[in-house]
Trainee: 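The structure under discussion is supplied below as structure tokens; questions concerning it will follow.
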Amino acid sequence: MGLRIGYGVDFHQLVTGRDLYIGGVLIPHDKGALGHSDADVLLHAICDALLGAACLGDIGVHFPDTSSEFKNIDSKILLRKTNELIRAEGYSIVNIDSTLCLEAPKIKPYVAQMQQVIADILGLTIKDISIKATTTETMGFVGRKEGLVAYAACLLQS
Ligand code: MG
């Protein structure tokens, strides 16, 4: 069995007048993530981890933010397309681990739903999708609530 590790990271600004999608879930908040797509930082980091493990470039290569095709696109569609890309290369996903860095809102009430959304898209179970979260103890742009960050790691098998 061939195993491949992958790693992804994504950043988005938090601004007023935008919806906040994280892990495919709409989270009530006074700010949302700014981006060309729906700016789902967690799904983007997971896409990059999966693409990285398959050595298929990154999310910007496959879904460029200069393309009107992807304007305001639901990132669940990007994750579904990413899954198709890695499966076409003969890989299946063993597991995904991730960490969100944000000061607010608290995302723990939404984690189970995020796990289910991601597992459904990827044909996995929620036990295969780990989602953790941390603040930055008020330090830096995350601490000032100017943005949020997601890190993801994955393992593929062939
Ligand atoms: Mg992004």
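In listed order, ligands and their atoms are each counted from 1. Sequential numbering from 1 along the given sequence is applied to the chain's residues.
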Trainee: Taking the Mg ion (ligand 1) as the vertex, how big is the angle to ND1 in H44 and NE2 in H12, rounded to 10°?
Mentor: 100°
Trainee: Main chain of G143, side chain of T138: is a donor-acceptor contact present, judged purely on distance under 3.5 Å?
Mentor: no
Trainee: So does D40 have any N/O/S atom less than 2.8 Å away from the Mg ion (ligand 1)?
Mentor: no
Trainee: Look at D38 together with R18 and state whether they make a salt bridge at an N to O cut-off of under 4.0 Å.
Mentor: no
Trainee: Quick one: report the N, O or S atom of D10 that is nearest to the Mg ion (ligand 1).
Mentor: OD2
Trainee: Evaluate the criterion side-chain contact (heavy atoms from CB on, under 4.5 Å) for residue pair L100 and I107; output intermediate values, then yes/no.
Mentor: CA-CA 9 Å; L100 283 162; I107 60 110; 3.6 Å; yes
Trainee: Under the criterion salt bridge (Lys or Arg N to Asp or Glu O under 4.0 Å), I'd like the reasoning laid out for D65 against K71: C-alpha separation, chi angles, the key distance, then a yes or no.
Mentor: CA-CA 7 Å; D65 64 8; K71 179 74 177 163; over 6 Å; no
